[in-house]
Amino acid sequence: MEVQCYLFVLLGSTLFVDKSRDRLRPAINLFLKDHRRLADYAWGAGALAYLYRQLGVATRAGSKGLCGCLTLLQAWIYEYFPLFRPSQLPQSPDAPRASSWISPRLPGGDEARQRLVRYRQLLDELSADDVTWTPYGRDGHTDIPRSLYTGPIRFSDIAEGYDPSRCLRQFGYRQIIPAAMTVPHDQYRPASGSSYIVFWDPWVNQLWDNVAARRLELDFASRPCEQPSEIVEEYVDWFLTRSHPRITH
């Protein structure tokens, strides 16, 4: 019981953080009843699914703040976007990558507002040359084959789409127009509030275990890049119709 309580607090305050301050999601306990099965769960995929959902919630007009594993989000930003990196400490190859970054001092008042304006300007002016496309090397996916999984990833009642064909450049391959993603059966988005619910067909629960069928074959989908930011000619037009290219009006 003591171990279960410790893991409940640990996971609830790191991987699956919400905005309730001193309360934790009870769904976490469903995965902690049998400590012998803890290693069977894909905790990284679950944390990523939960973070994806929170990023979606944070984009709604009525939402304030962001939750989820923000350490993961910050480390991802630092790895891919040199313009936003803080200082970094030398580290052994076996140590966690995220622990090498020195947390910057957070300003307040007018300085914080000026910093926000500056960051928005940097994001609007960002070019392909300002991105480190392969921070883990061009063959990082060979060490972690699951990074090429395509389909929904889940945590409890949350399921979010994951499609590596939308970010082929991080594998050292030319970006093409990706195929349509697996879509939910239905969704409920209330007019007020910041939450939403997505309903998937029951068969999607089995996709994660079907490794051979759900793995993206890079050589079939595209070809290796000659330049790290290489794309097909039609990709930008496709992307602009599905994204918001600017933060500031």
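Taking all atoms of both residues into account, the shortest heavy-atom contact from S243 to P245 is O-CD, 3.3 Å. Shortest non-hydrogen contact noted between G65 and A58 is O-CB, 3.9 Å.
W208 contributes no side-chain N or O that, together with a main-chain N or O of P152, makes up a donor-acceptor pair within less than 3.5 Å. Side-chain N or O atoms of Y162 include one that pairs as donor or acceptor with a backbone N or O of S147 at under 3.5 Å. Under the 3.5 Å distance criterion, the side-chain polar atoms of R214 are left unmatched by any main-chain donor or acceptor of L207. The closest donor-acceptor contact from the side chain of D201 to the backbone of W203 lies at 3.5 Å or more, if one exists at all. Panel note: side chain W101, backbone R85; no donor-acceptor pair is recorded below 3.5 Å. Listed for the S100 side chain is a donor-acceptor partner under 3.5 Å among the backbone atoms of R97. Side-chain N or O atoms of Q175 include one that pairs as donor or acceptor with a backbone N or O of L168 at under 3.5 Å. Between the side chain of T132 and the main chain of P135, no donor-acceptor pair closer than 3.5 Å is present. For the pair Y50 (side chain) and V17 (backbone), a donor-acceptor distance under 3.5 Å is present. Using modelled atom types, one side-chain atom of R138 and one backbone atom of G172 make a donor-acceptor pair closer than 3.5 Å.
Two rings, from W76 and F81, have their centers less than 6.0 Å apart. The six-membered or imidazole ring of Y119 lies near that of F84, with a centre-to-centre distance under 6.0 Å. For F199 and H185, the gap between ring centers reaches or exceeds 6.0 Å.
By the criterion of side-chain heavy atoms lying less than 4.5 angstrom apart, applied directly or through intervening Ile, Leu, Val, Met, Phe, Trp or Tyr residues, L216 is not grouped with L48; the two fall into different hydrophobic clusters. A continuous path of Ile, Leu, Val, Met, Phe, Trp and Tyr side chains, each step under 4.5 Å between heavy atoms, connects Y173 with I176, placing both in one hydrophobic cluster. Connection of L15 to I158 is established within a shared hydrophobic cluster, with ILVMFWY side chains joined at heavy-atom distances below 4.5 Å, either directly or through further cluster members. Cluster annotation: I247 and L240 are assigned to distinct hydrophobic clusters (Ile/Leu/Val/Met/Phe/Trp/Tyr, side-chain heavy-atom contacts under 4.5 Å, transitive). Both L123 and L55 belong to a common hydrophobic cluster when Ile, Leu, Val, Met, Phe, Trp and Tyr are linked at side-chain heavy-atom distances under 4.5 angstrom.
If you take CD1 on I177 and CD on E233, they are separated by 10.5 Å, rounding to the nearest 0.5 Å. With rounding to the nearest 0.5 angstrom, the CG atom of L83 is 12.5 Å from the CD1 atom of I77. Taking CG of L73 as the start and CG of L51 as the end, the distance is 5.5 Å to the nearest 0.5 Å. The line from CG of N29 to SG of C5 is 7.5 Å long, rounded to the nearest 0.5 Å. If you take CG on L218 and CZ on R174, they are separated by 13.0 Å, rounding to the nearest 0.5 Å.
Side-chain contact between S229 and W133: present, with at least one pair of heavy atoms (C-beta onward) separated by less than 4.5 Å. Side-chain atoms of F16 and I28, non-hydrogen and from C-beta on, do get closer than 4.5 Å to each other. Inter-residue side-chain proximity for Q54 and L66 is flagged as met; some heavy-atom pair is nearer than 4.5 Å.
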Under the criterion side chain to side chain contact (heavy atoms under 4.5 Å, CB included), I'd like the reasoning laid out for W238 against E234: C-alpha separation, chi angles, the key distance, then a yes or no.
CA-CA 7 Å; W238 175 91; E234 305 84 5; 6.0 Å; no
Using salt bridge (Lys or Arg N to Asp or Glu O under 4.0 Å), reason through R169 and E230 one step at a time and then give a plain yes or no.
CA-CA 7 Å; R169 285 172 286 185; E230 188 177 349; over 6 Å; no
Apply the test side chain to side chain contact (heavy atoms under 4.5 Å, CB included) to residues S165 and M181: give CA-CA distance (whole Å), side-chain angles for both, the deciding distance (0.1 Å), then the verdict.
CA-CA 10 Å; S165 70; M181 293 184 66; over 6 Å; no
Could you go through the ring-ring contact (aromatic ring centres under 6.0 Å, His included) check for F155 and F31 one step at a time?
CA-CA 10 Å; F155 167 70; F31 305 98; 5.6 Å; yes
Go through the steps for R118 and L122 under the test side chain to side chain contact (heavy atoms under 4.5 Å, CB included), then give the verdict.
CA-CA 6 Å; R118 176 57 179 160; L122 287 174; 3.4 Å; yes
Given side chain to side chain contact (heavy atoms under 4.5 Å, CB included), test L32 with L11 step by step and report yes or no.
CA-CA 10 Å; L32 303 179; L11 295 172; 3.9 Å; yes
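Atom CZ of R120 has 12 or fewer neighbouring heavy atoms from other residues, nucleotides or ligands inside a 6.0 Å radius. Within a 6.0 Å sphere centred on OH of Y41, other residues, nucleotides and ligands contribute more than 12 heavy atoms. Within 6.0 Å of the CD1 atom in I144, the count of heavy atoms belonging to other residues, nucleotides or ligands does not exceed 12. The number of heavy-atom neighbours closer than 6.0 Å to CD of Q4, taken from other residues, nucleotides and ligands shown, is above 12. Within 6.0 Å of CZ on R36 lie no more than 12 heavy atoms contributed by other residues, nucleotides or ligands.
Residues D94 and S92 have side chains that never bring a donor and an acceptor to within less than 3.5 angstrom of each other. Y80 and Q170 form a side-chain donor-acceptor contact under 3.5 Å, judged by distance and modelled atom types alone.
Here salt bridge (charged side-chain N to carboxylate O under 4.0 Å, His left out) pairs that include residues 139-165, with residues two or more places apart or in two chains, are R25-D157, R53-E160, D163-R166.
Salt-bridge check for E111 with R105: passed, with a basic side-chain N closer than 4.0 Å to an acidic carboxylate O.
Residues passing the side chain to side chain donor-acceptor pair (under 3.5 Å) test with T59: none are found, sequence neighbours excluded.
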